[in-house]
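All remarks here apply to the structure that follows.
Every chain is numbered from 1 and lettered A, B, ... according to where its sequence line falls, protein lines coming before strand lines.
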There are 2 protein chains.
Amino acid sequence: MRYLASIRYIDAVVKAGSIRAAADTLAITSTALNRRILAMEEELGVPIFERLAHGVRLSAAGEIYIHHIRNQLSDMERVRSQIADLSGVRRGHVSIACSQALLPYFLPEQIALYRKEHPNVTFGVHLRDREAAEHALVDHSADLAIVFEPVRLTDFMTLIRVRQPVHVVMAPDHPLAAKATVRLSDCVDYPIALPTTPYGVRHLLDIAMRIAGVRLDPVIQSDNFEFLRNHAVAENIVTFQIPIGLSDETSTGRMVSRPLDGRDVPAGILYLGQLKGRTLPVAAARFASQLTSALAGQFEVS
Amino acid sequence: MRYLASIRYIDAVVKAGSIRAAADTLAITSTALNRRILAMEEELGVPIFERLAHGVRLSAAGEIYIHHIRNQLSDMERVRSQIADLSGVRRGHVSIACSQALLPYFLPEQIALYRKEHPNVTFGVHLRDREAAEHALVDHSADLAIVFEPVRLTDFMTLIRVRQPVHVVMAPDHPLAAKATVRLSDCVDYPIALPTTPYGVRHLLDIAMRIAGVRLDPVIQSDNFEFLRNHAVAENIVTFQIPIGLSDETSTGRMVSRPLDGRDVPAGILYLGQLKGRTLPVAAARFASQLTSALAGQFEVS
DNA sequence: TCCGCCGCTGCATTTTTTGCAGCGGGCTGG
DNA sequence: CCAGCCCGCTGCAAAAAATGCAGCGGCGGA
């Protein structure tokens, strides 16, 4: 879309933080880019950027304007895909920001399922914590976000919520694997591995331990869930995860998972959502509704 | 806004119905305009217009696209006024589609009141029936609509609803002027003037007559409310109107109005609304909220 | 059938955009 | 305290894009 070049350039400058840097990424000279920006500011009647020694920063007017620009650009995307829709070709791109638990099993399966129907739709999957995921929605770098136990809900519109009880994960021959459900107090006798503090599961466990007066001292801490799972098998210790990230490896028998008793640790909640007030591109909207029905089968929270 | 020229041109072509006609209104040659359109269609990959012998018409894709274009253009207006806002100058334009009843008294007073605070805001007031008013919202030729008893509510988002009992209007010396409220059956003895059928007041009366088994044969019918009022005084007959269009001339004593008994004729409802899903420009939003509080004093319907 | 209006195209001209080289200014590390 | 670096910005020439003019062929209405 040639006629949107100017505003796309401005978006690039905002992202890059300086005109010369943006010019490089856009494969044009800084002169051309600089002039386009000056021309836009002329038309607008106000500077879009503040000039600093090491680049540019959005002015107050620029903040308003960049918002508008990003809306325009993604609206244009939506319109293109709507038009592509009615000419029969289903194309598009869906960008997802999500937490680790979705990566091993759930999303690959869902995306594969969707792409079987619509092979021309491409996907971007980005690992983001809760805050970064919300930010990705705001700056339109993601269409959908799937996060565990979000705190802020500004700009975030929930499409569906799913209960995720915390599960204990261990090797099949571990003593705790004999039980159907596990009490928190059962775990104190065994060495355990925990996710690091910012994560939702750890957060839930911390609260539960404080209430129950139990202390679980982790021998391993990691910010990588896959590592924790594998280590639980390798060293025969226990770790804690949510079921949506487990289905694959428990089904192969490499490891088993047992739910923690709900009286000890309340279930966490997984949120699928999008930017509030945004109309998603067709592809993203359809994928979102596929996810919604897939999740609704689990432990939907109404 | 130079960079929006192309889409503004397309909007003009849609409005004009042919490229050459649009080129005239835009003061460019048809060549230039034609080429811009071809270029846009090239970029979009689909024709925007169908070529007919006597001009062009939107294709299916074009319908989608023109929607997007109009959104973009009015969003741009909003952004400009937001930016103007923060540099202190309050400017803008508010376009209103409304029915006749608002013209004599209510809107002039409200607009004057608003412009006393914000002299740089300009207004457009367009007389439209219910359907045309809704259409004006859809194609962004109006920001706000004030209509009586709307039928369809697609695309229309109600901001406030106000009850408007039908009033009998007549000269001060008319026999009915002695009563505080008037029964429909009281009117049969006098010659009456009615609005023509499409209007809300007429609609309410037609229904009421059918229910009550009364027949009012109008000696005068008109589609102009001002004429009906004036004629009621000139010939000493009665007519029917809603109070919001009456305050001025009844206060001067030229004519009087009496409410019809609610048992005979239910009150009509006046709607203030905007296009569903649209963020109004600042000026329009503020004027709308002024109207809302002004109307809330009357007979607000919650 | 003829006339009028339409959209569209080849070509010359004008206007706009781009790239190159270079200026002056602020921050940073030695 | 100063050299080096990166920044945004400008004059000028080249390249690219948009515009206008004249004219073609098509289609519907008189």
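Look at B/R51 and you won't find any side-chain N or O under 4.0 angstrom from OP1 or OP2 of C/dC6. Here A/N34 does not reach the OP1 or OP2 of D/dG8: none of its side-chain N or O atoms lies under 4.0 Å away.
A/R20 has no carboxylate O lying under 4.0 Å from a charged side-chain N of A/D24, or vice versa, which leaves the two without a salt bridge. The existence of a salt bridge linking B/D11 and B/R8 is excluded, since no basic side-chain nitrogen approaches an acidic carboxylate oxygen closer than 4.0 Å.
The distance between atom CG of A/L52 and atom C1' of D/dG8, rounded to the nearest whole Å, is 11 Å. Taking atom CG on A/D24 and atom P on D/dC6, their separation rounds to 11 Å, with Å as the unit. Put simply, CZ on B/F49 is 14 Å from P on C/dC6, counting in whole angstrom units. The separation between B/E41 atom CD and C/dT9 atom P is 11 Å, rounded to whole Å.
Checked by atom type and distance alone, the side chain of B/S81 never pairs as donor or acceptor with a backbone atom of B/P281 at under 3.5 Å. Side-chain atoms of B/S222 never come within 3.5 Å of backbone atoms of B/P195 as a donor-acceptor pair (strictly under, hydrogens ignored). Panel note: side chain A/D143, backbone A/S95; a donor-acceptor pair is recorded below 3.5 Å. No side-chain donor-acceptor contact under 3.5 Å links B/Q274 to the backbone of B/L159. Using modelled atom types, no side-chain atom of B/R57 and backbone atom of B/G55 make a donor-acceptor pair closer than 3.5 Å.
The residue B/L38 sits close only to the backbone: its heavy atoms come under 4.0 Å of sugar-phosphate atoms, none of a base.
A 4.5 Å side-chain heavy-atom check between A/L44 and B/V79 finds every atom pair outside the cut-off. By the 4.5 Å heavy-atom criterion applied to side chains, B/Q72 and B/M76 are not counted as neighbours.
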- Message: Can you build the contact string for nucleotides 22-30 of chain C? Use B for base contact, S for sugar-phosphate-only contact, and - for no protein heavy atom under 4.0 Å.
- Response: ----SS---
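Over its length, the helix from C/dT1-D/dA30 to C/dG30-D/dC1 turns its helix axis by 30°, as judged from the five terminal pairs at each end, rounded to 10°.
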So which protein nitrogen or oxygen atoms get under 3.5 Å of nucleotides 16-19 of chain D's nitrogens or oxygens?
from   : atom 1 : to    : atom 2 : distance (Å)
D/dT19 : OP1    : B/R36 : NH1    : 3.0
D/dT19 : OP2    : B/R36 : NH1    : 3.1

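A/E63 and A/H67 share no side-chain donor-acceptor pair at under 3.5 Å. Under 3.5 Å, the side chains of A/D155 and A/H135 contain no donor-acceptor pair of N or O atoms.
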